[in-house]
Amino acid sequence: MYALVLFGAVESVAADALNVNSAINKAGSQRMLSQRMAKAYCQVGLGVETESSKHILDQSVTLFDKQLGELKAFAPTPEIKDTYAKLAQVWLSYKELLAGSKPNIENARKIALVNEDVLKLAQQGTAQFEKYSGSPGGKLINIAGRQRMLSQRMAKFNVFRAWGITSPQMLQDLDAAAKEFATAQDVLLAAPQNTPQITRELQLAKTQWFFFDDAIKQTAGSRDDQLKNVATTSERILQVMDGVTWMYEGIAK
């Protein structure tokens, strides 16, 4: 349900011509998708919300492809063009792992590495677009959009851990993502550009964050229940923060 709502909103504007603010938004969306695809792949492999996870994975692959083409075509500087040329190459390897066969632990271990390469380049591109915009509005789009990614990154680490894919660095990254999310949410709530609607949505996201954080830390009950709770709450918070990001893009025009 959450995936349909989210991607319905995205697809309704996907055909619009890009400007620098929409490029920041979509570049930031690529960060989120890099993590969401890894999460959904592992959820399918573990039998967590299987049909919904398959749908999320398929739509995320399609959207990543579409937005990558748009961002490559729009790239306004040689540096940004170079970033997206590199991202396109890494994406080929990632996409093959995601779509090449039924989800399995061997590919999941490879995905645990490759998704970080995709994220790094997607982050680089987003930062370059924000710098090119040179505006406070661009910064807010970037921060809000990064919250989408962090929600999926934390859920991804949780499902990796459930599949036995873990390391000390991964646990540190999970803790860092949680701290960054909480700090950035306070930054957004204090932004003078906020409309009443944006403030309401940010407050909703803050409430959802408490549920999500509890789900990540859940120790009581079965593993299946914990994984389902993380899967559903990560989608809820993604949906809210995706809407906030589009609102920031709207007021930045």
Side-chain angles (χ1 to χ4, degrees), residues 3 5-37 59-92 94-95 115-153 180-181 184 187-188 191-195 197-198 201-202 205 238-253:
V5 173
L6 172 69
F7 283 97
V10 171
E11 288 299 328
S12 69
V13 295
D16 292 348
L18 287 189
N19 57 47
V20 67
N21 291 318
S22 58
I24 296 169
N25 188 349
K26 290 190 177 185
S29 175
Q30 299 294 79
R31 292 180 301 202
M32 176 273 289
L33 292 170
S34 74
Q35 305 302 283
R36 196 173 196 234
M37 290 182 285
Q59 282 200 327
S60 295
V61 169
T62 298
L63 186 59
F64 193 99
D65 261 335
K66 181 180 182 64
Q67 292 185 156
L68 180 59
E70 292 172 339
L71 291 164
K72 284 178 65 181
F74 177 74
T77 69
E79 292 78 14
I80 297 176
K81 289 181 186 296
D82 181 64
T83 294
Y84 283 95
K86 291 176 179 175
L87 180 56
Q89 290 300 311
V90 178
W91 167 236
L92 291 176
Y94 191 21
K95 184 179 179 181
N115 86 91
E116 294 292 324
D117 296 331
V118 175
L119 173 60
K120 181 179 179 180
L121 286 166
Q123 166 60 27
Q124 179 174 304
T126 311
Q128 287 172 327
F129 276 122
E130 184 200 324
K131 182 179 179 180
Y132 182 79
S133 78
S135 71
K139 183 175 182 179
L140 286 173
I141 296 166
N142 188 2
I143 295 172
R146 188 169 171 82
Q147 297 293 77
R148 298 176 298 193
M149 180 277 289
L150 291 171
S151 73
Q152 301 305 290
R153 185 166 176 79
E180 181 182 348
F181 186 94
V187 170
L188 292 174
Q193 296 92 334
N194 290 348
T195 64
Q197 184 180 10
I198 288 175
E201 290 301 303
L202 288 171
L238 169 59
Q239 182 184 356
V240 175
M241 290 311 302
D242 187 62
V244 170
T245 306
W246 286 100
M247 290 180 206
Y248 279 131
E249 181 189 328
I251 65 175
K253 289 181 179 178

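Bear in mind that the values here come from a model prediction, so they are computed numbers and not experimental data. Numbers for residues simply follow the sequence, beginning at 1.
- Among all heavy-atom pairs drawn from Met241 and Ala144, the shortest one is CE-O, 4.0 Å.
- For Gly145 against Thr245, the heavy-atom pair with the smallest separation is N-OG1, 3.4 Å.
- Atom CG of Asn142 and atom CD of Gln147 lie 10.5 Å apart (nearest 0.5 Å).
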Side chain to side chain contact (heavy atoms under 4.5 Å, CB included) between Gln35 and Leu238, worked out | CA-CA 12 Å; Gln35 305 302 283; Leu238 169 59; over 6 Å; no
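- Between Glu130 and Thr126 the shortest side-chain heavy-atom distance does not fall below 4.5 Å.
- Here the OG atom belonging to Ser135 is positioned 6.5 Å from the CD1 atom belonging to Ile141, to the nearest 0.5 angstrom.
- Asn19 and Ser22 share a donor-acceptor pair across their side chains, judged by distance under 3.5 Å alone.
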Take Arg148 and Asn25 through the test side chain to side chain contact (heavy atoms under 4.5 Å, CB included) and record every step on the way to the result.
-> CA-CA 11 Å; Arg148 298 176 298 193; Asn25 188 349; 2.9 Å; yes
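- Considering only heavy atoms from C-beta on, Tyr94 stays 4.5 Å or farther from Phe64 through its side chain.
- For the residue pair Ile80 and Ala75, the shortest heavy atom distance occurs at CG2-CB, 3.6 Å.
- With rounding to the nearest 0.5 angstrom, the CD atom of Gln123 is 11.0 Å from the NZ atom of Lys120.
- Heavy atoms from other residues, nucleotides or ligands lying under 6.0 Å from NZ of Lys81 number more than 12.
- In this structure, the separation between CE on Met37 and CH2 on Trp91 is 4.0 Å, given to the nearest 0.5 Å.
- Residues Gln30 and Leu68 are in side-chain contact: their nearest non-hydrogen atoms beyond the backbone lie under 4.5 Å apart.
- Side-chain contact between Leu71 and Leu87 is absent, with no heavy atoms from C-beta onward closer than 4.5 Å.
- The only member of Gln59, Met149, Gln67 that meets side-chain contact (heavy atoms from CB on, under 4.5 Å) when paired with Leu33 is Gln67.
- Taking the side chain as every heavy atom from C-beta outward, Thr77 and Lys131 never approach each other to under 4.5 Å.
- From Gln89, atom CD reaches atom CG of Asp117 across 13.0 Å, with rounding to the nearest 0.5 Å.
- Nearest heavy-atom pair, Ala252 versus Gly137, reported as atom, atom and distance to 0.1 Å: CB-CA, 4.1 Å.
- The minimum heavy-atom distance linking Gly138 with Ile24 is given by the pair CA-CD1, 3.6 Å.
- Side-chain contact check for Asp65 versus Lys95: some heavy-atom pair is nearer than 4.5 Å.
- Expressed to the nearest 0.5 Å, how far CE of Met247 lies from CD of Gln197 amounts to 4.0 Å.
- Residues Asn194 and Tyr248 form a side-chain contact, since some pair of their non-hydrogen atoms from C-beta on lies under 4.5 Å apart.
- Counting heavy atoms from C-beta on, the side chains of Glu116 and Arg153 come closer than 4.5 Å.
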